[in-house]
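Within every chain, numbering begins at 1; the chains are lettered A, B, ... in the order of the sequence lines, protein sequences first and strands thereafter.
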Amino acid sequence: MKANVIVFPGSNCDRDIKVALEKFQLKTKMIWHQDKEMPKSDLVVLPGGFSYGDYLRCGCMASKSNIMCEVIKHANKGGFIIGTCNGFQILTETGLLPGVLLRNKKLKFICKYVNLLVENNSTPFTSKYKKNQKIKIPIAHNEGNYFAGEKTLDELEQNDQIVLKYCDENSIVNNESNPNGSCLNIAGIVNKKKNIIGMMPHPERCVESILGGTDGSGIFQSLIN
Amino acid sequence: MKFEVFVTLKNGVLDPQGKAVENALGNIGLSSIKNVRQGKYFTIEVDEHNEEKAKTLVKSSCEKLLANETIENFKFNKIQ
Amino acid sequence: MKFEVFVTLKNGVLDPQGKAVENALGNIGLSSIKNVRQGKYFTIEVDEHNEEKAKTLVKSSCEKLLANETIENFKFNKIQ
Amino acid sequence: MSNVNLDSAIQHGLTKDEYEKILELIGRKPNITELGIFSAMWNEHCSYKSSRAWLGVLPTKNNRVIQGPGENAGVIDIDDGDVAIFKIESHNHPSYIEPYQGAATGVGGILRDIFTMGARPIANLNAIRFGSPDHPKTKYLLNGVVAGIAGYGNCIGVPTVGGEVEFDSCYDGNILVNAMSIGLAKKDKVFYSIASGLGNPVIYVGSKTGRDGIHGASMASQEFDSNAESKKPTVQVGDPFAEKLLLEACLELMKTGTIVSIQDMGAAGLTSSSVEMASKGNVGIELNLNKVPCRETSMTPYEMMLSESQERMLIVLKNGKEKEAEKIFKKWDLDFSIIGFLTDSKKLTLKFQNKTVCEIPISALADEAPKYRRDWIEINKPKHIDIEKKLIDLNLEQTIKNLLSHPNQADKSWIWQQYDHMVMCDTAQFPGSDAAVVRIHGNSKKAIAASIDCSPRYCRAHPYTGGMQAVCETYRNLCSVGAEPIAITNCLNFGNPEKPEIMGQFVGVIKGIAEACKKLNYPVISGNVSLYNETNGIGINPTPTIGGVGLVKDVSKIKNLKFKNEGNNIYIIGKTLGHLEQSILCYDLLHLKKGPPPSIDIDSELKNGLAVRSLIEKDLINSCHDISSGGLILSLLEMSISSKIGFTLNTNKKGTDRVKFLFGEDQSRYVIEVSNKNKDNLENHLKILDVFFENIGHTSKKISIDDDLKFDLKELSKINKEWFIKYNN
Ligand SMILES: Nc1ncnc2c1ncn2[C@@H]1O[C@H](COP(=O)(O)OP(=O)(O)O)[C@@H](O)[C@H]1O
Ligand SMILES: [Mg+2]
């Protein structure tokens with residue numbers, strides 16, 4: 001399987017995700033944001049970081065860069081796309097995923113391991129997990145507060161597009177286990193066709209026990225399946 | 001030509017920054033200040049002498065970049 | 001009473017956001033837009049009927065919280 | 001151009017004698033640009049005029065040191081052709097005036113020091129100190145500083161893996177923000193700032209120059225008065241995004257073999273960077289200021305030379321390599337300009353609009369800068385005080401709770417969770433432990449450990465002991481995780497050096513640091529001095545922040561402070577005498593601030609440290625934590641709270657002896673957790689090493705001390721975690 005990681009000025013998890021992809025034997029190419037063409041791949045990754053400084057709105061300026069036309073083409077052809085953290089923000093700004101990521105409710109950057117509930121394991125990104133499995137993956141963001149109008153939220157629920165929700169030790173999804181104020185505790189969603197996932201947690205940060213956990217591996221293992 | 005652009009959150013969109021400002025004002029004894037909403041304010045210059053054309057450019061920057069219409073409204077004025 | 005408050009960077013203070021926005025506008029073909037400066041825009045309500053008193057309160061919130069006069073200026077208008 | 005005279009010199013922070021020395025050195029009156037340049041180079045921050053005479057006392061070499069003090073940062077050999085490059089720097093005054101930007105640009109500045117040398121930064125740490133939590137500005141400053149450190153470090157994508165924070169009313173008017181950064185490079189790819197090669201082009205890269213921070217360096221060398229607010233416009237705004245681009249562009253350029261030397265523009269911007277490069281290379285430098293990329297119109301030579309705009313670098317290139325270099329900076333959307341060249345004049349020559357606006361011998365700015373042997377008075381160890389009476393009626397249960405909820409001992413995750421401490425995916429030990437551990441990228445075994453420490457209350461009581469202790473505490477923290485301590489960096493924060501008592505503190509601390517470093521084979525390879533941390537005549541406690549760095553040979557063996565299982569044995573390594581004066585119990589909880597700090601026996605420090613490392617190496621222990629502020633009880637509680645496993649402690653002591661055993665801050669001690677299986681083996685091993693140890697209890701479900709004290713672990717944990725959250729809500 002081949003993967004392209006898009007590098008924007010200000011991306012800073014690009015190397016991290018490349019290491020993780022390669023650990024799971026995905027052949028990985030780094031693609032510069034100004035490129036007008038993108039080599040063929042099965043997967044495109046929009047990495048975390050602060051593309052263009054995340055000034056104005058997170059992910060907004062990245063969503064306008066040259067390479068995004070190629071990424072959209074890839075999406076329309078049914079290719080897989082993962083956007084983690086800033087990548088998720090870029091996907092919503094581009095319109096490939098609905099909603100928007102607002103500033104965390106407490107207005108502070110949060111970096112920590114959180115519990116997540118796998119709400120939907122029938123996506124190409126989560127098939128290695130069990131439904132309702134509780135996993136631990138770190139988050140690290142200032143703007144991860146998922147917001148969408150009621151109609152969109154209904155649609156997300158009806159189409160089973162909500163993939164990951166923040167929960168507590170005991171798998172309970174509630175206000176206390178919501179780190180950033182996201183609607184419905186949403187941590188990750190897919191598009192209708194389920195070939196695009198956006199998630200605030202960083203799976204690439206937990207694929208080795210020395211780094212605090214290995215629950216992120218499931219995402220990559222699902223993909224190579 | 002110089003413009004000012006206002007980008008504000010739509011009604012109904014939660015504004016944690018505004019809330020935090022409001023609380024903080026309360027904490028320093030300014031509790032009569034209510035309903036704080038925070039938005040963005042830009043000043044920009046447009047290299048264009050025709051006012052209509054300039055306005056079209058400003059509008060298009062708002063739509064394409066400055067505002068995210070899922071959650072924000074914008075308006076602008078010519079100031080010079 | 002309702003006010004709008006503008007908080008802008010002082011002249012000469014670096015505005016990385018404005019600079020980035022300007023570049024991005026250039027990249028999407030709006031290169032005639034120049035000198036973008038980004039500031040904050042608040043709308044606030046003051047629980048006070050006397051206009052002079054209300055203005056004093058707004059001024060004091062600006063000085064104490066909304067603006068950091070090290071690098072920012074502020075101004076405000078009554079809007080309702 | 002305004003006329004220069006003694007008055008204008010004084011306005012620039014120079015003394016009458018200094019002004020006269022300038023006249024003598026250049027044989028004429030300086031113009032205003034030249035005066036500005038002199039004032040920038042000769043102020044405390046750049047010239048180290050009060051401290052330089054003493055810094056020479058510090059040991060700076062061992063067999064791993066490749067570069068000691070004097071460069072942008074120090075370099076140590078960590079085997080396999082790898083080097084670690086690190087330094088600490090203060091940004092105290094700017095952070096007091098504008099906490100967010102002050103702290104952010106502090107981080108930006110130290111990062112540039114690291115990547116100028118060819119290293120990719122892999123870890124940041126910080127030591128931040130604020131006034132009393134009740135002081136009206138403290139909350140604002142704390143929030144701003146933490147957000148600023150986070151804002152810059154997170155954006156550029158370097159993990160912030162550790163630090164320390166303290167509240168003490170002595171910092172009410174002078175907070176401390178010390179930022180440290182560690183980078184990684186290849187031994188044969190380290191870059192220095194020594195300019196060479198006549199005619200070689202001097203290039204300017206990075207962001208444009210604006211009017212920000214003009215006279216920032218002089219500000220950092222002036223005592224505050226209550227008019228501090230009026231010094232506001234000198235604060236710079238940081239752009240971490242630009243720095244990220246600059247970092248990537250510089251590292252890319254460094255691969256090309258086009259660079260002769262490189263230097264970041266830090267304090268005193270273009271002035272200090274150009275003068276330092278020329279001075280080190282013993283050459284002259286000529287700059288055409290019309291070529292300096294400016295952000296604003298009609299900037300004067302004076303402004304350009306003194307601006308402290310951030311995210312800029314000065315590079316001497318090999319002749320003919322300009323195009324190749326330019327291409328890289330254009331790709332990263334950064335300014336690139338050839339602004340001058342090296343000359344054989346040994347002068348700093350500046351041209352502007354075809355006129356010479358400055359011509360000063362480099363030596364006058366650098367070597368001839370004033371050096372003062374300030375008067376100082378020796379500070380002796382204070383006499384013991386009688387504290388028995390205060391201890392007799394102490395309610396232990398409540399005191400333990402007060403200890404855990406005191407801001408200085410409360411859980412700090414509110415701070416470090418605002419820092420991205422995992423980016424780069426090599427952080428093997430998160431904040432919240434004794435030392436942070438960060439792997440060497442691409443090497444599955446090797447890692448760097450780092451810790452930052454200081455106990456200013458000890459330094460105030462007896463500077464010499466305090467200086468030693470700060471060094472030893474970092475040493476201990478490194479040993480606790482299983483790292484071999486290698487070298488330190490130091491940030492010396494003091495009050496006004498023109499006062500003999502303050503200078504006495506400085507001298508005492510330096511001597512203490514030197515002694516500890518020498519005996520531990522743990523030299524100083526870089527550092528920074530911040531003086532005049534004084535407002536209205538009230539100085540801070542002497543605060544020599546020490547950043548220690550160690551090497552981990554096998555990262556899979558490192559230990560942390562979390563208890564692992566119930567039913568394991570708990571030991572203390574090192575002798576417990578029960579020294580309470582200057583302890584947290586006395587100083588912070590009982591407000592008894594007199595008496596000597598605990599003394600340090602370097603031999604035990606070495607021996608105990610070695611022992612702990614060998615236990616970790618042999619995999620004989622399950623967890624390890626040093627004993628520092630708060631004494632044995634705090635160490636045990638931290639091990640408990642972080643693991644949710646309790647302990648049963650048998651002190652075999654009563655009354656005030658028990659209080660001393662629990663809260664005493666005797667040095668060179670560690671708590672370790674040992675399974676029954678390893679118990680005998682461990683005891684034998686420690687006997688062979690001739691190390692003092694005692695079995696004090698075991699891990700268990702609940703927390704109990706002797707027969708009479710029981711605690712609810714959940715409640716203690718809550719008390720410990722609550723303070724920061726409540727305070728900042
Ligand atoms: N300002 C800070 N930034 C990052 N980490 C911090 C900060 N303050 C404290 N910490 C972390 O909290 C933990 C406890 O700090 P401290 O009580 O000073 O430890 P110690 O006494 O072992 O030196 C350490 O891991 C430290 O790195
Ligand atoms: Mg420790």
For C:Ala20 and A:Met61, which heavy atoms make the closest approach, and how far apart are they? O-SD, 3.4 Å
Is atom NZ of A:Lys112 surrounded by more than 12 heavy atoms (other residues, nucleotides or ligands) closer than 6.0 Å? no
Are there donor-acceptor pairs under 3.5 Å across chain A and chain C? List atom names and distances.
from	atom 1	to	atom 2	distance (Å)
A:Leu56	N	C:Gln17	OE1	3.4

Exceeds 12 heavy-atom contacts within 6.0 angstrom, atom NZ of A:Lys106: no
A:Lys105 meets the salt bridge (Lys or Arg N to Asp or Glu O under 4.0 Å) criterion, sequence neighbours left out, with none
